[in-house]
Amino acid sequence: MVISFRSIVCVALIVSSALPSCASTNRNRAWVSRSLSKRTGFSIAKRDAGYRIPKGVQLSDGLDENEAVAIALYRSPRYRAELEKLGIAHGDLEDASRIDNPRFGILGPVGVIAGWATLAAPLDSLIQMPSRTEAASREIERVAEALLQSGLDLARDARLAHIERMLAEKRLTIRQELASTAADIARIVELRAAAGDVSPADPLSAHAEAAIAEDTAAVAKRDIAISAARLATILGFDPDRVSLKMHFGSSLPKSAPPLEDLLAIARKARPDLLAAKLNIEAAAARAGIERARIVSISAQIDGQWNAQNNKVGTRIGANLMLPIFNQNQGGRERADAGIEQARHEYIAARQRVISEVIVSNSALKQALASLERYRVEVLPALEQNLHAAKLSYELGDQPYLVVLDALRRLGEARIREVELVAEARRAHAELERTVGARLKSNKAAASMAKETSTS
């Protein structure tokens, strides 16, 4: 019986001193980069890479929305800082896969008192290791999925910032044309008032309208500076040192993909939803750690020697904390509550994902429908109205004021058109973020939905 117990303790000591990491995961920085590349078409920089422009991006011909995404994922200091969370999580796994060091104590002999040496190995740390490594592994996977979601958010933000920059430029061009038109109207009204054709109060109203148009153009010019600074910040540039030409590199879809396909993709592809699911597994593993902490046990070897007769003796045994008064009730209760909390958070995340897909898909449908209406019905009608006003003016039937008013109304409609283009592009960028993948076409979305349903 003594030999059997001694063998068990010796095996435990050997395992505790030489056991390597018993948990592993492929969720590292390279995994995040590959996953982002599959979902966005662009990867992240290596850890030691500098803040340079990624390969394949040419800024000499201007910046499109896809290049903005590539630069943001490669250069963003904020996202690089977030990526270090993965290294911290791997460090936690390394700690979890190692048991506590054995404790060694020694007392030298003085006089007739014998000397003592004690070696204690914490067996409870060895017992808890599977639960610790399981929890740490799931935490790494959760962090990796969260970082993947942050990358998709950054890609969305880069697209939105590029859209706002383009919208500001187009709005300024039209606003300047409207300001010029308002100034022409004010001059004509002033001449007609001097000739007695209109009321003397009309020039005051015309000049007020011209001043409002000029101020609106000035605001539009300010918006360009603001949108440029925001875009530069997202791209990881100094806002006061960047001046880039802008253009769109891809066209808008003709229609929104079917909602059923989008929901099927989102349920499988949304990283934050997968992270919430992994959090449940991590919480269950943490509960296993708390249950293992009910008992604390350590193996112990005592050595004794006598300096006078030069004899050595040993004792082998174990220390066991008896769980009489405290069975770690508080820790187990907190762990069980953590599991329930993680479950509810997963349900809430699933509902949020479904809601975001429905909202963004509806926004895209509405924006595309409004844009089509403006291009098919509103703008052609206003262009015909302007043509008729010019013709009437040339025939002498209408004053030039009617022509300028038609120009103003057409200009306002053109502003609304570019705003609808921006709104549709924003909705499309948001939809790709809510789904968790690029949607190059409705056919591709249907194919992705079919793949996720069979996986």
Side-chain angles (χ1 to χ4, degrees), residues 25-27 31-43 65-66 69 73 138 141-160 163 250-283 342-372 423-455:
T25 177
N26 66 338
R27 305 296 178 89
W31 180 89
V32 175
S33 185
R34 290 194 303 268
S35 300
L36 275 175
S37 181
K38 291 179 181 179
R39 294 166 184 261
T40 67
F42 308 103
S43 57
E65 67 277 20
N66 293 322
V69 173
L73 290 176
R138 298 294 80 77
E141 294 175 354
R142 186 198 67 79
V143 170
E145 294 290 348
L147 289 173
L148 180 56
Q149 182 63 53
S150 296
L152 295 178
D153 293 345
L154 178 59
R156 183 271 316 272
D157 293 342
R159 292 183 185 277
L160 294 182
I163 292 168
S250 59
S251 58
L252 277 169
K254 298 297 182 181
S255 61
L259 180 60
E260 293 76 12
D261 293 343
L262 297 174
L263 291 174
I265 298 171
R267 289 190 180 100
K268 296 290 185 180
R270 274 290 289 267
D272 54 347
L273 189 58
L274 298 177
K277 188 174 183 180
L278 288 168
N279 194 36
I280 299 177
E281 299 178 10
R343 288 174 179 171
H344 295 312
E345 288 176 348
Y346 172 73
I347 295 174
R350 186 178 60 190
Q351 293 174 348
R352 185 186 68 252
V353 166
I354 295 174
S355 175
E356 288 177 353
V357 172
I358 294 174
V359 171
S360 57
N361 188 57
S362 299
L364 179 59
K365 284 183 178 179
Q366 180 60 51
L368 291 175
S370 298
L371 180 59
E372 182 71 12
E423 185 177 332
R425 287 187 175 275
R426 282 194 295 262
H428 189 256
E430 187 64 39
L431 182 61
E432 289 186 335
R433 180 261 174 192
T434 57
V435 169
R438 289 297 307 275
L439 300 173
K440 297 181 179 180
S441 65
N442 293 353
K443 184 177 180 180
S447 177
M448 291 175 61
K450 185 177 181 180
E451 291 177 2
T452 55
S453 64
T454 57
S455 61

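Side-chain contact check for Glu372 versus Leu368: every heavy-atom pair is 4.5 Å or farther apart. Side-chain contact between Leu274 and Leu148 is absent, with no heavy atoms from C-beta onward closer than 4.5 Å. No side-chain heavy atom of Leu439 sits less than 4.5 Å from a side-chain heavy atom of Pro253. Contact check for Leu252 versus Leu371: side-chain heavy atoms found under the 4.5 Å cut-off.
Lys38 NZ to Ser33 OG: the interatomic distance, rounded to the nearest 0.5 Å, is 11.5 Å. Interatomic distance, NZ of Lys277 versus CZ of Arg138, reported as 12.0 Å (0.5 Å rounding). Between the CG atom of Leu73 and the OG atom of Ser150 there is a distance of 11.0 Å, given to the nearest 0.5 Å. How far CZ of Phe42 is from CG of Asn66: 4.5 Å, rounded to the nearest 0.5 Å. For the atom pair CZ of Arg343 and CD1 of Ile347, the computed distance is 9.0 Å after rounding to the nearest 0.5 Å. With rounding to the nearest 0.5 Å, the separation of CG in Leu152 from CZ in Arg438 is 11.0 Å.
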Let me have the donor-acceptor pairs involving side chains of residues 349-358, under 3.5 Å, with sequence neighbours excluded, atom names and distances please.
from   : atom 1 : to     : atom 2 : distance (Å)
Arg352 : NH2    : Asp272 : OD2    : 3.0
Glu356 : OE1    : Arg270 : NH1    : 3.0
Glu356 : OE1    : Arg270 : NH2    : 3.1
Glu356 : OE1    : Arg433 : NH1    : 3.0

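Minimum heavy-atom separation, Arg39 to Gly436: NH1-O, 2.7 Å. Scanning all heavy atoms of the two residues, the minimum distance from Ala429 to Leu160 falls at CB-CD2, 4.2 Å. Residues Ala367 and Ala424 come closest through the heavy atom pair CB-CA, 3.6 Å. Of all non-hydrogen atoms in Ala256 and Asn361, the two that sit nearest each other are CB-OD1, 3.4 Å. Residues Leu431 and Ser360 come closest through the heavy atom pair CD1-OG, 3.2 Å. When all heavy atoms of Thr40 and Ala155 are compared, the pair lying nearest together is CG2-CB, 4.3 Å.
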Practice problem: Kindly indicate, with the supporting measurements, whether the criterion side chain to side chain contact (heavy atoms under 4.5 Å, CB included) is fulfilled by Arg267 and Leu263. | Solution: CA-CA 6 Å; Arg267 289 190 180 100; Leu263 291 174; 3.6 Å; yes
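Residues Arg142 and Glu145 are not paired through a salt bridge, judged by the lack of any N-O separation under 4.0 Å between the basic side chain and the carboxylate. The existence of a salt bridge linking Glu430 and Arg159 is excluded, since no basic side-chain nitrogen approaches an acidic carboxylate oxygen closer than 4.0 Å.
Counting only distance, with no hydrogens or angles, the side chain of Glu141 and the backbone of Arg27 share no donor-acceptor pair below 3.5 Å. When atom types are taken as modelled, the side chain of Ser370 and the backbone of Gln366 share a donor-acceptor pair closer than 3.5 angstrom.
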